[in-house]
Amino acid sequence: MNTNNKLSRHCVLVTGGTGYIGSHTVVALMAAGYEPIIIDNLSNSKASVLKRIKQITGKQPIFYKIDLWDIAALDKVFQKYSIASVMHFAGFKAVGESVTEPLKYYENNIQSTISLCNVMTMRDVKKIIFSSSASVYGETTVIPIKENSLTAPASPYACTKQMIEQILKDIHVADPAWRIALLRYFNPAGAHESGLMGEDPQGIPNNLMPYVSQVAVGRHKKVNIFGNDYPTSDGTGVRDYIHIMDLAEGHVAALKKIDTATFKTPQIINLGTGSGYTVMEILHAFEKASGKVIPYRITKRRPGDIAACYADTKLAQKLLGWKARRNLADMCADAWRWQSQNPTGYP
Ligand code: NAD
Ligand code: UDP
């Protein structure tokens, strides 16, 4: 690799940057004047997203197909660019699969983070934003969920998130010069407003929003609603759905914060909207946005699901000056634009 290629703009290494959240965050970073450098092994995403990013931003982002385990390849990227900070999205994320294949999750999520942090230490890059998850809170919490709520991860996936948070906290104890933001996402949903980018799950979607949108486009016959006997307004589960571009902009706000402020400890921040919607409400909102009837049937509860979960968002507003701007109708309209224009996802 050519080592003279130091870019003048603030370079942000984005691991998992061709994935759902990473790719939308790359667009938000470029809009804010940053130079994202994407690393992804394409295990759960496609390189064709890069062309879509170019269509939206006018510029093809820098991309390396690298596995985070490959320390030598990763280090070359750090040598080539003056990387100021890292956004770490890469990892496996299917909760159900993590229960049946726990080692795959511990191995990939933990090992890739350790490799990344080793290279960051070697190259003296000490600013990182990590994709954590509301799943670390588990069942035992009071809602809305505050950042200091007890954690009780209920799956190997959620355990990897808690362990990585701990690893990053320990790194900070050893060297307080690190600036670390641990962002706990609630339920990312929707797509870029252009309809050019969106969520493209491989295989049958595990999550509600992409499943509903694939039913609307005719890829599945009906939505299975996992239980209608929860103590919620209509008996179906309540979650805090956050528009993917709000989430992306939340990352830019967090990056500005770690660039300018020092935290005594790694800073945990919820990224959600603070509002919860039931499964039935999501279904009806999507019917409205798409003009399609979405058939459904009620099935039994999904093991491990909780009745309701939504964020207390005060800390994000106070610390980052950020809050979600888009509503459920926006999420459904944008998801439908993406799904109807790209019925089978990225080429
Ligand atoms: P995604 O699967 O679309 O993106 C993750 C990317 O990481 C993929 O492109 C994949 O190819 C890449 N990757 C995985 N292992 C890698 C490795 N060893 N080396 C290099 N690349 C690797 O997932 P997403 O929805 O964009 O999620 C991004 C992050 O946010 C994940 O860490 C996920 O756990 C977390 N998160 C997601 C959600 C959600 O509902 N989508 C909620 C909370 C937290
Ligand atoms: N859900 C559902 N059918 C599906 C997928 C999800 O009824 O095909 C419900 C699920 O029980 C939960 C809500 O939709 O109440 C959100 O589920 P998702 O998997 O999207 O997010 P998570 O449970 O991880 O918050």
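Numbers for residues simply follow the sequence, beginning at 1. In each ligand, atom 1 is the first atom listed, and ligand 1 is the first ligand listed. What you see is a predicted model; the values in this text were computed from it and never measured.
Closest to atom 2 (O) of ligand 1, if we only count protein heavy atoms, is N44 ND2, 2.7 Å. When hydrogens are left out, the protein atom nearest atom 24 (P) of ligand 1 is K93 NZ, 3.7 Å; that is the closest non-hydrogen contact. Of the protein's non-hydrogen atoms, Y157 OH, 3.6 Å is the one closest to atom 33 (C) of ligand 1.
For D246 (side chain) and R326 (main-chain N/O), a donor-acceptor pair under 3.5 Å exists by modelled atom type. At least one donor-acceptor pair closer than 3.5 Å links the side chain of T232 to the backbone N or O of T236.
No cation-pi contact links R52 to Y346, judged by a cut-off of 6.0 Å to the six-membered ring centre and 45° from its axis. Annotation: cation-pi pair K300/F226 absent, no NZ/CZ under 6.0 Å from the ring centroid and within 45° of its normal.
In summary, D259 and K257 do not engage in a salt bridge, as defined by a charged side-chain N under 4.0 Å from a carboxylate O. Here E249 does not pair with K323 in a salt bridge; the nearest charged N to carboxylate O distance is not below 4.0 Å.
Only the backbone of L42 comes within 4.0 Å of ligand 1, judged by heavy-atom distances. Neither the backbone nor the side chain of N109 comes within contact range of ligand 1; no heavy atom lies under 4.0 Å.
The aromatic rings of Y105 and Y157 sit perpendicular, their planes meeting at an angle over 60°, well past the 30° parallel limit.
Taking the six-membered ring where the residue is Trp, the centroids of H251 and F89 are separated by under 6.0 Å.
Within the 4.0 Å heavy-atom shell around ligand 1 one finds K161. Residue N207 places no heavy atom under 4.0 Å from ligand 1. The closest approach between a heavy atom of S132 and any atom of ligand 1 is below 4.0 Å.
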Derivation of the side-chain hydrogen bond (donor to acceptor under 3.5 Å, both in side chains) call for H243 and D334 = CA-CA 9 Å; H243 194 293; D334 294 337; 2.7 Å; yes
Atom pairs, nitrogen or oxygen, ligand 2 to protein, under 3.5 angstrom:
| from | atom 1 | to | atom 2 | distance (Å) |
| --- | --- | --- | --- | --- |
| ligand 2 | 3 (N) | N224 | O | 2.7 |
| ligand 2 | 7 (O) | N224 | O | 3.4 |
| ligand 2 | 7 (O) | F226 | N | 2.9 |
| ligand 2 | 11 (O) | D305 | OD2 | 2.5 |
| ligand 2 | 17 (O) | R302 | NH2 | 3.4 |
| ligand 2 | 19 (O) | N207 | ND2 | 3.1 |
| ligand 2 | 19 (O) | R302 | NH1 | 3.3 |
| ligand 2 | 19 (O) | R302 | NH2 | 2.8 |
| ligand 2 | 20 (O) | N207 | ND2 | 3.4 |
| ligand 2 | 20 (O) | L208 | N | 2.9 |
| ligand 2 | 21 (O) | N187 | ND2 | 3.0 |
| ligand 2 | 23 (O) | R239 | NE | 3.4 |
| ligand 2 | 23 (O) | R302 | NH2 | 2.9 |
| ligand 2 | 25 (O) | N187 | ND2 | 2.9 |
| ligand 2 | 25 (O) | R239 | NE | 2.9 |

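Tested against F186, the residues L271, I145, L247 include a single side-chain contact (heavy atoms from CB on, under 4.5 Å) partner, I145.
For atom 42 (C) of ligand 1, the nearest non-hydrogen atom from the set G22, P188, A90 belongs to P188.
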